[in-house]
Amino acid sequence: MTERVVVVGGGVAGLATAYRLLTSAGGAAPPEVTVMEAGDQPGGKVTSVQVGGLSIPAGPESFVSRKPWAAELCRDLGLGDDLIAPDASGAFLWTERGLVRYPPDAPFGIPGDLAEVFRWPGVSRSGRRRAAQDLVRRARRERTDESLGSLLRRRLGDEATDAAVAPLLGGLFAGDVDRLSVQATFPELAEWEREQGSLIRGAQAVRRMLRDMGPAAGGPMFLGLSGGLERLVEGLVESVGAGRILTRTPATRVHRRPDGFAVEAKRRLAPADAVVLATPAFVAADLVSEVAPNAVASLRGIPYVSTAVVLSVYPPGTADSLPEATGFVVPVGKAPMTAATFLSRKWPQPSFDDRAVVRCFVGGAGAEDVLDAADEDIVEAVSRHLAAVVELPPAPEVARVVRWGRAMPQYEVGHLDAVAEIEGALPPGIFVTGSAYRGVGLADSARQADDVAKRILGGEPADRGRELAWTD
Ligand SMILES: Cc1cc2nc3c(=O)[nH]c(=O)nc-3n(C[C@H](O)[C@H](O)[C@H](O)COP(=O)(O)OP(=O)(O)OC[C@H]3O[C@@H](n4cnc5c(N)ncnc54)[C@H](O)[C@@H]3O)c2cc1C
């Protein structure tokens, strides 16, 4: 019987799991749930910082709408009316000739017909000719995993891959397309090849389907919350109950007990019938070394890369200098940043007034050395490159660098098998969840929270909730 659950990690994954555990028990009494969070406050990467008197998101600022679970979580928390669409849509690609707009209806940036391939912005004439061969090349039929790069290069050639598609797809994971797993990132691309024989035809089929759906297919690609995504964290904390969330409580080990488990934190032991590890995988590896030694190597085997965001606020009167779009992505090595978000276009705030506010991403797979530089050098390099493609002054009025060390899990080829192996090596009652496993974004964290809670609650109905009882 699951009476007491300890959730380790108070990011969105951990908080959402706690919330679902407390609210999804049906008629039965929910288990007693305690969240242990190492940091000063719950929320994990969902956080904002002050830059020149403005509050700017340093982590997530939106979630994808085609995966409905984050929006569902917001609605369940009573935040449905506060879901908002971005003010701008569409994105640009960095090219030698400046920024060029991705065709608005090109799924994953891939053109849906031959005419578009021969107009493909940012790709040379020979690169376009090679990409067009996608329509006639034999399709790979095997269902085994491969790298995104291997699939894209085989179908579209190296140039279109590196200059146009990889910046968009790799960028979401701060990853290297030649290492990222197709199955764990964009499995639909493999399906397009298998079923349509070509990525261009796959993109065409998606576009046709969306057109056939008419207005029902409309709607923004991303959603946010008015007032910022911290409101999701606030909603979760309020529903879970601040008293159940122990901040500044880093868990150090999960121990086995004759009647279940005990989670060690601050040299004390908290007994639990089930433990949910919603931390980075390398932390989970240390935590389970006693209860699941066979899971340790696979948990440690999930690589992470470090990134940083440069949050720049420009002087009054600059807001209109930014093109009407959400931002741009950059092919590997062409600029110090890998992508930029035009925050004042995407999520305009009264506090921004008429100032341009831009967030640039630096670091990530293959570019972590950029992070060795001092903050002021990173700001200088990023601002100079921004000013080269957008009508902005050479330097912002104020800027801040927020570093995210070992923050982005890399779903390399074989990732899903590794996750299955980890799950298979965990004893009943121990669960892992969060961005390391089955989806890096908030929407996937929300979905995994539902799954884990259902699996825990799926056992016998629990007795009345009990207070967390520390035992020494
Ligand atoms: C710069 C950046 C921008 C992003 N933008 C977006 C976006 O726009 N949209 C989107 O969907 N996703 C985005 N992401 C990804 C998103 O942040 C993650 O999907 C999500 O926040 C992961 O939540 P989580 O709970 O799994 O992990 P985290 O938020 O990392 O939470 C893990 C928690 O575990 C705690 N912890 C660690 N060790 C211990 C321990 N031993 N004991 C107790 N607690 C511990 C940590 O302190 C942390 O609070 C972005 C990520 C970054 C880095």
Side-chain angles (χ1 to χ4, degrees), residues 2 4-26 30-39 41-47 57 59-80 82-83 222-225 227-247 249 251 263 272 274-281 283-284 407 409 419 423 430-458 462 465:
T2 308
R4 287 173 302 202
V5 183
V6 171
V7 177
V8 182
V12 166
L15 293 174
T17 306
Y19 169 70
R20 293 299 186 198
L21 282 166
L22 291 164
T23 55
S24 312
E32 180 52 39
V33 177
T34 302
V35 180
M36 294 183 179
E37 164 54 44
Q41 56 187 35
K45 296 194 179 70
V46 179
T47 184
E61 35 84 6
S62 57
F63 41 78
V64 285
S65 57
R66 78 188 162 91
K67 297 181 172 186
W69 309 287
E72 273 168 23
L73 179 61
C74 291
R75 285 190 198 100
D76 290 348
L77 289 165
L79 296 169
D82 299 317
L83 287 167
F222 296 97
L223 288 170
L225 278 172
L229 286 188
E230 280 98 332
R231 301 223 18 242
L232 169 59
V233 174
E234 286 159 17
L236 285 167
V237 170
E238 196 176 308
S239 296
V240 169
R244 292 193 173 95
I245 303 167
L246 311 179
T247 53
T249 307
V263 181
V275 180
V276 180
L277 304 173
T279 63
V283 176
V419 172
E423 289 169 344
I430 303 280
F431 302 85
V432 288
T433 192
S435 62
Y437 307 103
R438 297 186 185 274
V440 292
L442 293 170
D444 285 303
S445 289
R447 178 182 51 77
Q448 294 178 73
D450 284 358
D451 291 350
V452 171
K454 279 193 189 116
R455 281 160 64 201
I456 293 176
L457 297 172

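Predicted model, so just to flag it, every value in this text is computed and none were measured.
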Would you call Ser24 and Lys454 a side-chain contact if the rule is heavy atoms closer than 4.5 Å? no
Quick one: list whatever passes side chain to side chain donor-acceptor pair (under 3.5 Å) with Glu238, sequence neighbours left out. none
With sequence neighbours excluded, residues passing salt bridge (Lys or Arg N to Asp or Glu O under 4.0 Å) with Glu234: none
Yes or no on side chain to side chain contact (heavy atoms under 4.5 Å, CB included) for Leu246 and Thr34, after CA distance, side-chain angles and deciding distance? CA-CA 7 Å; Leu246 311 179; Thr34 302; 3.7 Å; yes
Where is the tightest heavy-atom contact between Ala13 and Gly434, given as atom of each residue plus distance? CB-CA, 3.6 Å
Flag the pair Pro409 / Val440 as yes when at least one side-chain heavy-atom distance between them is below 4.5 Å, and no otherwise. yes
For the pair Met36 and Val7, evaluate side chain to side chain contact (heavy atoms under 4.5 Å, CB included) and give the outcome as yes or no after the intermediate values. CA-CA 6 Å; Met36 294 183 179; Val7 177; over 6 Å; no
As a quick check of understanding, evaluate side chain to side chain contact (heavy atoms under 4.5 Å, CB included) for Arg75 and Leu83, giving each step before the final call. CA-CA 8 Å; Arg75 285 190 198 100; Leu83 287 167; 3.8 Å; yes
How about Arg244 and Val35: do any of their side-chain heavy atoms sit closer than 4.5 Å? no
Name all pairs fulfilling the side chain to side chain donor-acceptor pair (under 3.5 Å) condition that reach into residues 9-22, sequence neighbours left out, sorted by first residue then second. Arg20-Asp76, Arg20-Asp450
Approximate separation, where rounding is to 0.5 Å, of Leu21 CG and Ile456 CD1: 5.0 Å
Would you confirm whether Glu37, through its side chain, and Gly10, through its main-chain N or O, come within 3.5 Å as a donor-acceptor pair? yes
Taking C-beta and beyond as the side chain, do Val419 and Val432 meet within less than 4.5 Å on heavy atoms? no
Nearest heavy-atom neighbours spanning Pro68 and Arg66: CD-O, 3.6 Å
Is a donor on one side and an acceptor on the other found under 3.5 Å between the side chain of Thr279 and the backbone of Leu277? no
Can you find a heavy atom in the side chain of Ser239 that is under 4.5 Å from one in the side chain of Leu22? no
Working to the nearest 0.5 Å, report the span between CG of Leu77 and CD of Glu72. 12.0 Å
Is there side-chain contact between Leu232 and Cys74, with at least one heavy-atom pair below 4.5 Å? yes
Quick one: does Leu442's side chain get under 4.5 Å of Leu229's, heavy atoms only? yes
Would the distance check show the side chain of Arg455 and the main-chain N or O of Asp451 forming a donor-acceptor pair, the cut-off being under 3.5 Å? no
Who are the side-chain contact (heavy atoms from CB on, under 4.5 Å) partners of Val237, not counting sequence neighbours? Leu15, Pro42, Val233, Ala242, Ile245
Gap separating the CD atom of Glu230 from the OG1 atom of Thr47, nearest 0.5 angstrom: 6.0 Å
Which pair of non-hydrogen atoms, one from Ala70 and one from Ala443, has the smallest distance, and what is that distance? CB-CA, 3.7 Å
Residues Thr433 and Ala449: closest non-hydrogen pair is OG1-N, 4.3 Å
Do Val8 and Val276 come close enough that some side-chain heavy atom pair is under 4.5 Å? no
Residues at least two apart in sequence or cross-chain that pass side-chain contact (heavy atoms from CB on, under 4.5 Å) with Asp444, listed by chain then number, are Lys67, Trp69, Arg447, Gln448
Report the residues that fulfil side-chain contact (heavy atoms from CB on, under 4.5 Å) with Ala281, sequence neighbours left out, ordered by chain and then residue number. Leu299, Ile302, Tyr304, Ala436, Tyr437
